[in-house]
2 protein chains.
Amino acid sequence: MTHFGSTIREIRERLRRDDRRYSVRQVAGRVGIEPAYLSKIERGEVAPPSEATTVRLAQDLGEDPDVMLALAGKVSTDLQAIIRKRPRLFADLIRQLKEAPDKAVLRVVREVRDGNW
Amino acid sequence: MTHFGSTIREIRERLRRDDRRYSVRQVAGRVGIEPAYLSKIERGEVAPPSEATTVRLAQDLGEDPDVMLALAGKVSTDLQAIIRKRPRLFADLIRQLKEAPDKAVLRVVREVRDGNW
DNA sequence: AAAATTGTGTAGTATATACGACACATGACA
DNA sequence: TGTCATGTGTCGTATATACTACACAATTTT
């Protein structure tokens, strides 16, 4: 569950192998947090950071914010806002898709993107 | 935004007109919170309660938990868990459906329910 | 008229969230 | 060999979350 920290650490260390700008200190500096805090996050000594910090961290490491938020046990507030506007509709849809294979979900995504409405 | 409290109050008072069991005290009793707390919630003096309490409250008042959670500014954790398992997929889908009319979303729900996969 | 029920004001609490500041030993490097 | 950067340990804090406990005046019920 505290998969978040170790994942961040792996990604950062991989990037660091050929770019010195990915030390704990430098990443923390760019992301706007204390190095000691990032260190603790990576070792799972503290809970994953806030949504905003997680997103900035994901961006700095070139990762997908939604994926990183998921690892942090969160769902981005903009997605939540969309759901909250039509709760019944989206609740049904999401529960419906719970067991559906990726393929089926992807097909739905494409269908909607191609605007069949 | 603190639409939540007034909505609860209206629903409860409506039910109360022909059922004495829907006083602040009795509802609070069944839901498992202090009457004073429910009173404050209804008047928007405090923030909406936790997810668990909101759901019990919705059930007691015969309302849809997802809708009540939405009014409380929340999205139920079980929906979030589904999203977090496949963040990219669901993030795409939901953002895709943001502007889609209810009709289109409903069609998708039915399509999936009828198991075209 | 007594008893019970109503809603609400006041005050306080326990736990979680989300960090910052500083110091320090170790290792790299020039 | 001195300087600089590295990661991390310790301690503290501000704010939010989610309530409880008690009391009390007003109304309702019996």
Side-chain angles (χ1 to χ4, degrees), chain A residues 1-2 4-58 60-61 65 68-69 71-77 80, chain B residues 1-2 4-58 60-61 65 68-69 71-77 80:
Chain A
M1 278 282 157
T2 306
F4 180 79
S6 51
T7 304
I8 293 287
R9 169 140 296 188
E10 276 165 37
I11 293 166
R12 188 184 55 74
E13 288 188 335
R14 179 154 35 80
L15 287 168
R16 208 207 154 177
R17 264 164 225 150
D18 38 42
D19 192 339
R20 321 266 309 286
R21 297 178 63 252
Y22 289 92
S23 68
V24 166
R25 272 164 198 272
Q26 298 219 34
V27 170
R30 288 192 299 273
V31 168
I33 56 175
E34 288 291 311
Y37 184 41
L38 177 55
S39 172
K40 276 176 271 188
I41 290 167
E42 291 191 348
R43 286 172 294 128
E45 206 192 285
V46 298
S50 68
E51 176 175 343
T53 297
T54 300
V55 170
R56 288 198 307 277
L57 193 50
D60 194 79
L61 299 179
M68 286 300 124
L69 283 172
L71 282 177
K74 303 180 182 185
V75 170
S76 86
T77 51
Q80 295 196 37
Chain B
M1 276 285 157
T2 305
F4 181 79
S6 51
T7 304
I8 292 287
R9 170 142 295 189
E10 277 166 36
I11 293 166
R12 188 184 54 74
E13 288 188 336
R14 180 155 33 82
L15 287 168
R16 208 208 154 176
R17 263 163 227 151
D18 37 44
D19 191 338
R20 322 267 310 287
R21 298 178 62 252
Y22 289 92
S23 67
V24 166
R25 270 164 201 273
Q26 297 218 34
V27 171
R30 288 192 298 275
V31 169
I33 56 176
E34 287 293 309
Y37 183 41
L38 177 54
S39 173
K40 277 176 273 189
I41 289 167
E42 290 192 349
R43 288 171 293 127
E45 206 193 285
V46 299
S50 69
E51 176 175 344
T53 298
T54 300
V55 169
R56 288 198 308 277
L57 193 49
D60 194 79
L61 300 180
M68 286 300 125
L69 282 173
L71 282 176
K74 303 181 183 184
V75 170
S76 85
T77 51
Q80 294 196 37

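These numbers come from a predicted model, not from an experiment. Proteins come first, then strands; the chains are lettered A, B, ... in the order of their sequence lines, and each starts at number 1.
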Engineer: Compare side-chain N and O positions of B:R12 against OP1 and OP2 of C:dT6 and report whether any pair is under 4.0 Å apart.
Structural biologist: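 B:R12 to C:dT6 OP1/OP2: no side-chain N or O under 4.0 Å.
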Engineer: In whole angstroms, how far is the P atom of D:dT8 from the CD1 atom of A:I41?
Structural biologist: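 My rounded result for the distance is 12 Å.
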Engineer: Looking at A:R9, I'd like to know whether one of its side-chain N or O atoms comes within less than 4.0 Å of OP1 or OP2 on D:dT8.
Structural biologist: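 So the side-chain polar atoms of A:R9 do come within 4.0 Å of the phosphate oxygens OP1 or OP2 of D:dT8, strictly under.
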Engineer: Between A:R56 and A:L61, is any pair of side-chain heavy atoms under 4.5 Å apart?
Structural biologist: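 Counting from C-beta outward, A:R56 and A:L61 never come under 4.5 Å.
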Engineer: Does B:R16 have a side-chain nitrogen or oxygen under 4.0 Å from the phosphate oxygens OP1 or OP2 of C:dT5?
Structural biologist: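 Indeed not, no polar side-chain atom of B:R16 lies that close.
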Engineer: Taking 4.0 Å as the cut-off, does a side-chain nitrogen or oxygen of A:S39 come that near to OP1 or OP2 on D:dT8?
Structural biologist: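 Result: yes.
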Engineer: Could you tell me whether the side chain of A:S39 and the main chain of A:P35 form a donor-acceptor pair under 3.5 Å?
Structural biologist: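 Absent.
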Engineer: Expressed in angstrom and rounded to an integer, what is the separation of B:R21 atom CZ from D:dT28 atom P?
Structural biologist: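 My rounded result for the distance is 21 Å.
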Engineer: What integer distance in Å separates B:E45:CD from D:dT17:P?
Structural biologist: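 Computing the B:E45:CD to D:dT17:P distance gives 16 Å.
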Engineer: Quick one, B:E42 with B:S6, criterion side chain to side chain donor-acceptor pair (under 3.5 Å). Give me CA distance, side-chain angles, the key distance, then yes/no.
Structural biologist: CA-CA 6 Å; B:E42 290 192 349; B:S6 51; over 6 Å; no
Engineer: Which residue in the set A:R30, A:R21, A:R12 passes salt bridge (Lys or Arg N to Asp or Glu O under 4.0 Å) when paired with A:D60?
Structural biologist: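 Option passing the salt bridge (Lys or Arg N to Asp or Glu O under 4.0 Å) with A:D60: A:R30.
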Engineer: Is a side-chain N or O of A:E34 found less than 3.5 angstrom from the main chain of A:A28, in a donor-acceptor match?
Structural biologist: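 Between the backbone of A:A28 and the side chain of A:E34 there is no qualifying donor-acceptor contact (under 3.5 Å).
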Engineer: Take the protein atom CD1 of B:I8 and the nucleotide atom P of C:dG7, then report the distance between them rounded to whole Å.
Structural biologist: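 From B:I8 CD1 to C:dG7 P: 15 Å.
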Engineer: How close do A:S76 and A:L69 get, heavy atom to heavy atom, and via which atoms?
Structural biologist: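 Heavy atoms of A:S76 and A:L69 come nearest at CB-CD1, 3.5 Å.
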Engineer: OP1 or OP2 of C:dG9 sitting under 4.0 Å from any side-chain N/O of B:R43?
Structural biologist: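 Answer is yes, contact under 4.0 Å.
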Engineer: Reading nucleotides 18-30 of chain C 5' to 3', which nucleotides get B (base under 4.0 Å from a protein heavy atom), which S (sugar-phosphate only), which -?
Structural biologist: SBBBB--------
